[in-house]
Amino acid sequence: MTDQDSFRALVSGLLERADVQTVGGDVRQHVWTGTGGARVVIETQGRSIAQVLPCLAPAGEPVSVTGVALVDDETARVGLLDGPGGTMVCPLAVDLEDRAVLRSRGGTAPEGELRLAALAERLTLHTGGKAAYEASQEGREIGFAPDFLIPYGLFRPEGAEEGWVPSAHAGFAGEVLLAEAHTGDVTRGRFHRLRVRTIAGFEVDVAVADEELTDSPAAGHWWTGSSS
């Protein structure tokens with residue numbers, strides 16, 4: 001069995017157990033949620049699978065957003081606000097779970113709320129907390145604040161092709177508020193679910209594969225890294 005065959009078998013199995021929402025016409029959104037909030041959102045059109053989004057079910061405090069707009073079929077650009085009707089803190093590219101619904105409504109929304117979640121790609125965990133993080137910045141030519149958020153996916157790389165669009169990638173730092181360990185229902189792999197408080201008090205739920213960590217995370221540790 002090829003990797004592609006294995007992927008198809010996995011998606012087919014999740015479709016049978018997912019909650020289904022009809023978006024419009026023959027477009028449907030299937031949402032499967034497992035242990036620890038591991039989630040897969042599958043969009044189908046008729047009998048065909050259009051998109052598959054692996055993600056983490058967010059449970060942190062909602063963030064007010066403005067200027068929601070799809071930049072392609074998968075990714076949207078939003079402005080994060082410091083509160084309802086407040087000031088924009090920074091823009092961000094995100095993959096929305098309900099992007100099929102947004103697409104059916106024209107691809108834009110003037111405002112709204114969303115909860116932030118991410119899959120870790122690269123990280124450092126400072127077990128000594130904020131003091132340890134700040135010590136790691138000493139002597140650097142460019143130091144970063146202990147609660148930075150950088151929307152890397154919005155930065156057009158040099159030499160990018162004409163059809164380049166933003167992607168849902170960001171780097172951020174902040175305090176770990178919650179740390180849980182779970183075993184996946186499907187792959188049986190162990191992963192950690194963290195909640196990180198970053199710039200403007202925004203809360204981000206992060207899934208981290210066990211093999212990516214050298215220390216067991218705990219509340220009070222300091223996270224810095226990048227994610228999608």
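Please read these numbers as outputs of a predicted model, since none were measured by experiment.
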Do Val68 and Leu114 touch side chain to side chain, with heavy atoms closer than 4.5 Å? no

Rounded to the nearest 0.5 Å, how far apart are CZ of Arg8 and CD1 of Ile49? 9.0 Å

Just so I know, are the side chains of Pro91 and Leu154 near enough to count as touching, which here means a heavy-atom distance under 4.5 Å? yes

On a heavy-atom basis, the closest approach of Ser167 and Ala93 is O-CB, 3.2 Å

Any chance you could lay out the side-chain hydrogen bond (donor to acceptor under 3.5 Å, both in side chains) test for Thr35 and Asp185, step after step, and finish with the verdict? CA-CA 6 Å; Thr35 300; Asp185 301 85; 2.9 Å; yes

Are Leu149 and Trp222 connected in the hydrophobic side-chain network, where two residues link if heavy atoms are under 4.5 Å apart? no

Write out all pairs satisfying ring pair (Phe, Tyr, Trp, His ring centres under 6.0 Å) with one or both partners inside residues 184-205, taking only residues at least two apart or from two chains. His182-Phe191

How many angstroms lie between atom CG of Leu15 and atom CD1 of Ile42, to the nearest 0.5 angstrom? 4.0 Å

Is Glu180 paired with Arg195 through a side-chain N to carboxylate O contact shorter than 4.0 Å? no

Heavy-atom count check: over 12 atoms from other residues, nucleotides or ligands less than 6.0 Å from Glu111 CD? no

State the CG-CD1 distance between Leu92 and Ile150, to the nearest 0.5 angstrom. 12.0 Å

Classify the side-chain pair Asp215/Thr127 by whether it contains a donor and acceptor separated by less than 3.5 Å. no

Between Val41 and Cys55, which heavy-atom pair has the shortest distance, and what is it? CG2-SG, 4.1 Å

Any heavy-atom pair between the side chains of Arg39 and Glu97 that's under 4.5 Å? yes

Do you see a donor-acceptor pair shorter than 3.5 Å between the side chains of Thr183 and Arg190? no

Inter-residue atom distance Glu61.CD - Leu177.CG, 0.5 Å rounding: 10.5 Å

Flag yes if Val176 and Phe144 sit in one hydrophobic cluster, no otherwise; membership is Ile, Leu, Val, Met, Phe, Trp, Tyr, and two members link when side-chain heavy atoms are under 4.5 Å apart. no

Tell me, please, which residues at least two apart from Arg77 pass salt bridge (Lys or Arg N to Asp or Glu O under 4.0 Å). none

Applying a strict under-4.5 Å side-chain criterion to I, L, V, M, F, W and Y, I'd like to know whether Leu14 and Phe7 cluster together. yes

Polar side chain donor-acceptor pair, Asp95 to Thr75, under 3.5 angstrom: yes

Would you compute the distance between atom CZ of Arg17 and atom OG of Ser12 and round it to the nearest 0.5 angstrom? 11.5 Å

Under a 4.5 Å cut-off applied to non-hydrogen side-chain atoms, are His221 and His126 in contact? no

Glu113 vs Val63, test: side chain to side chain contact (heavy atoms under 4.5 Å, CB included). Steps then yes/no. CA-CA 5 Å; Glu113 284 188 339; Val63 177; over 6 Å; no

Are any non-hydrogen side-chain atoms of Asp210 and Glu212 less than 4.5 angstrom apart? no

Do Arg193 and Asp205 meet the salt-bridge criterion of a basic N to acidic O distance under 4.0 Å? yes

Out of Arg103, Arg28, Gln29, Arg99, which one pairs with Glu43 under the side-chain hydrogen bond (donor to acceptor under 3.5 Å, both in side chains) rule? Arg103

Run Val27 and Ser104 through side chain to side chain contact (heavy atoms under 4.5 Å, CB included) and show every step you take. CA-CA 9 Å; Val27 177; Ser104 72; over 6 Å; no

Qualifying ring pair (Phe, Tyr, Trp, His ring centres under 6.0 Å) pairs with a residue from residues 159-180, counting only residues at least two apart or across chains: Phe172-Trp223

So which heavy atom on Ala118 is nearest to which on Ser227, and how close? CB-OG, 3.2 Å

State plainly whether the residues Glu203 and Arg197 are in salt-bridge range, i.e. N to O under 4.0 Å. no

Could you pull out the closest heavy-atom pair between Pro58 and Arg115, with the gap in Å? CB-CB, 3.5 Å

Could you walk me through whether Val40 and Val52 pass the side chain to side chain contact (heavy atoms under 4.5 Å, CB included) check? CA-CA 7 Å; Val40 178; Val52 179; 3.8 Å; yes

Measuring from Thr198:OG1 to Leu80:CG, what's the distance to the nearest 0.5 Å? 10.0 Å

Is there a side chain to side chain contact (heavy atoms under 4.5 Å, CB included) between Thr44 and His30? Walk through the geometry before answering. CA-CA 8 Å; Thr44 60; His30 310 253; 2.8 Å; yes

Side chains of Thr87 and Leu81: does their closest heavy-atom pair fall under 4.5 Å? no

Exercise: identify the closest heavy-atom pair between Ala179 and Leu194: CB-CD2, 3.7 Å

Minimum heavy-atom separation for Tyr133 to Phe148, with atom names? OH-CE2, 3.5 Å

